[in-house]
Amino acid sequence: MAPITARVGATKGKKPSISSHMQLMEKGEGKNQTAIMEFILLGFGDLPELQTLLFLIFLVIYIATMAGNILIVALVVADQHLHTPMYFFLGNLSCLETCYSSTVLPRLLASLLTGDRTISVPGCITQFHFFGSLVTTECSLLAAMSYDRYLAICKPLHYGTLMNVQLCLQLAAGSWISGFLICTIVTCVTSQLIFCGPNEIDHFFCDFTSLIQLSCSDTSQITPLIYIFSFLDAVSPFLLTLASYICIIATILGIPSTTGRQKAFSTCSSHLIVVALFYGTIMIVYMLPKSGTWRVLNKVFSICYTVLTPLANPLIYSLRNREVQEALRNTVRRAV
């Protein structure tokens, strides 16, 4: 009896820590907690009076995004004047944006229309997998496009030799493969997590941060791994893009004539706007605090890079690009 009494007395005044609680669960001693089977995406549920209006707005955005990006892909394939490296990458980017929008918006539209905000745990992890893979691929594609502009402006005499068909295919294929490969590894790690506590995600889609926060598993070993992969799939392409544009701007400033500078800058201005919009909103989202009133701003800026950026890309490239406008006019003439 004495050892038992001593043990009870020793544990009465001591509250179990979070780490010890996780260890107990991993050992199977927390059997009274059951794993949850679904999450609730809170999204815009705190604005019940605006559900119909938000549904109509996002529906119009989704239709316009799909139509604009599919049109860009069709023009790049159909018009021989657009069979160049720059438009090859643009076609890949537009194809990616159609898939990118389709990972988030259909689920958001369904929840706004029906009021059902639940999503199964496997469904949430699947959405995160495709969303993360496409975001990673976009980072790599934007880096490839910036390298193409670097060669065109900084090494114009060697551009045709350096940026050949083989290199274009390698850069595009490398972007897609690396994006999905890296995120597949992260998804495999995420699928091993146990979820047994709160199941509410204060967002309109499943992202990695929310899944980590809701997990009952020990994530201390996962976090460093995620930082490594984040550097590989997002920071590295960003640094390559930044380096390319530093060289481009330096070369443009070295052109003596104003007309020459304007002509050189016009060839990369559309891509520069897309890069600034994409990376700018992502940086703001992941640098903002995730608590209090900052959550609202987090959702707003998340809309910018998940919903508005795919819509803006075809508009930016079509409104600011004479070759795309000319290809569109020729296609309309042939159709009429």
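Within the 3.5 Å criterion, the main-chain N or O of Asp233 finds no donor-acceptor partner in the side chain of Ser236. For the pair Asp79 (side chain) and Leu75 (backbone), a donor-acceptor distance under 3.5 Å is absent. No donor-acceptor pair closer than 3.5 Å links the side chain of Gln127 to the backbone N or O of Val104. With Asp148 contributing its side chain and Ala144 its backbone, the two residues share no donor-acceptor pair below 3.5 Å. In terms of modelled atom types and a separation under 3.5 Å, the side chain of Ser270 and the main chain of Tyr317 share no donor-acceptor contact. Judged by distance alone, with hydrogens and angles left aside, the side-chain atoms of Thr98 form a donor-acceptor pair with the main-chain N or O of Cys95 at under 3.5 Å.
Nearest heavy atom pair, residue Gly43 against residue Lys299, reads O-NZ, 2.5 Å. The nearest pair of heavy atoms linking Thr187 to Phe128 is OG1-CE2, 4.0 Å. The minimum heavy-atom distance linking Cys216 with Phe195 is given by the pair SG-C, 4.2 Å. Between Arg261 and Ile255, the shortest heavy-atom contact is NH1-O, 2.7 Å. Of all heavy-atom pairs spanning Glu38 and Thr118, the tightest one is OE2-CG2, 3.8 Å. Contact between Leu59 and Leu109 at its shortest, heavy atoms only, is N-CD2, 3.5 Å.
Taken to the nearest 0.5 Å, the CD atom of Gln262 stands 6.5 Å off from the OG1 atom of Thr258. The line from CD1 of Ile316 to CG of Leu277 is 6.0 Å long, rounded to the nearest 0.5 Å. Remark: Phe301 CZ to Ile303 CD1 distance equals 11.0 Å, nearest 0.5 Å. Rounding to the nearest 0.5 Å places CG of Asn92 at 11.5 Å from CD of Glu97. To the nearest 0.5 Å, atoms OG1 (Thr241) and CD1 (Ile246) are separated by 11.0 Å. To the nearest 0.5 Å, atom CD1 of residue Ile70 and atom OG of residue Ser94 are 10.0 Å apart.
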(request) Using the side chain to side chain contact (heavy atoms under 4.5 Å, CB included) rule, take Tyr245 and Leu272 through it: C-alpha gap first, then chi angles, then the decisive distance, then the call. (result) CA-CA 8 Å; Tyr245 272 103; Leu272 184 58; 3.8 Å; yes

(message) Please determine whether side chain to side chain contact (heavy atoms under 4.5 Å, CB included) holds for the pair Leu71 and Leu328, giving the CA-CA distance in whole Å, both sets of side-chain angles, and the decisive distance to 0.1 Å.
(response) CA-CA 9 Å; Leu71 178 62; Leu328 181 58; 4.0 Å; yes

(request) Please step through side chain to side chain contact (heavy atoms under 4.5 Å, CB included) for the pair Asn69 and Leu96, ending with a clear verdict. (result) CA-CA 9 Å; Asn69 283 291; Leu96 181 143; over 6 Å; no

(message) Could you go through Arg149 and Thr267, starting from their C-alpha distance and side-chain angles, then the distance that decides it, and tell me whether this counts as side chain to side chain contact (heavy atoms under 4.5 Å, CB included)?
(response) CA-CA 8 Å; Arg149 293 298 84 205; Thr267 62; 3.7 Å; yes

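Inter-residue side-chain proximity for Phe44 and Ser111 is flagged as unmet; no heavy-atom pair is nearer than 4.5 Å. Residues Phe204 and Leu112 fail the side-chain proximity criterion, which asks for heavy atoms closer than 4.5 Å. No side-chain heavy atom of Ser191 sits less than 4.5 Å from a side-chain heavy atom of His129. In this structure, Ile222 and Leu193 have side chains that are in contact, with non-hydrogen atoms separated by less than 4.5 Å. In this structure, the side chains of His271 and Phe89 stay at 4.5 Å or more apart for every pair of heavy atoms. Residues Phe130 and Phe180 meet the side-chain proximity criterion, which asks for heavy atoms closer than 4.5 Å. Taking 4.5 Å as the limit, some side-chain heavy atom of Cys168 sits within range of a side-chain heavy atom of Met163. Between Gln170 and Leu167 there is a side-chain heavy-atom pair separated by less than 4.5 Å.
No continuous path of hydrophobic side-chain contacts links Trp176 to Val77 [ILVMFWY only; heavy atoms under 4.5 Å]. Ile153 and Leu253 fall into different hydrophobic clusters, defined by Ile, Leu, Val, Met, Phe, Trp and Tyr side-chain heavy atoms under 4.5 Å apart, directly or through other members. At a threshold of 4.5 Å between side-chain heavy atoms, the hydrophobic network of Ile, Leu, Val, Met, Phe, Trp and Tyr places Phe208 and Val189 in one connected group. Linking ILVMFWY side-chain heavy atoms closer than 4.5 Å, directly or via other members, places Leu108 and Leu53 in a single hydrophobic cluster. Leu308 and Val300 fall into different hydrophobic clusters, where Ile, Leu, Val, Met, Phe, Trp and Tyr side chains are chained together by heavy-atom contacts under 4.5 Å.
Under the side chain to side chain contact (heavy atoms under 4.5 Å, CB included) criterion, Leu113 pairs with Phe55, sequence neighbours left out.
Applying the 6.0 Å contact sphere to OH of Tyr279 captures more than 12 heavy atoms from other residues, nucleotides or ligands. His81 NE2: 12 or fewer foreign heavy atoms inside a 6.0 Å radius.
For the pairing with Tyr100, the ring-ring contact (aromatic ring centres under 6.0 Å, His included) check across Phe131, Tyr305, Tyr62 returns one residue only, Phe131. The side-chain contact (heavy atoms from CB on, under 4.5 Å) with Thr309 is formed by just one residue from the set Leu311, Asn313, Thr306; it is Asn313.
Checked against the 2.5 Å cut-off, the SG-SG distance between Cys124 and Cys206 falls under it.
For an aromatic pair to be called close, the ring centres must be under 6.0 Å apart, and His203 with Phe39 fails this.
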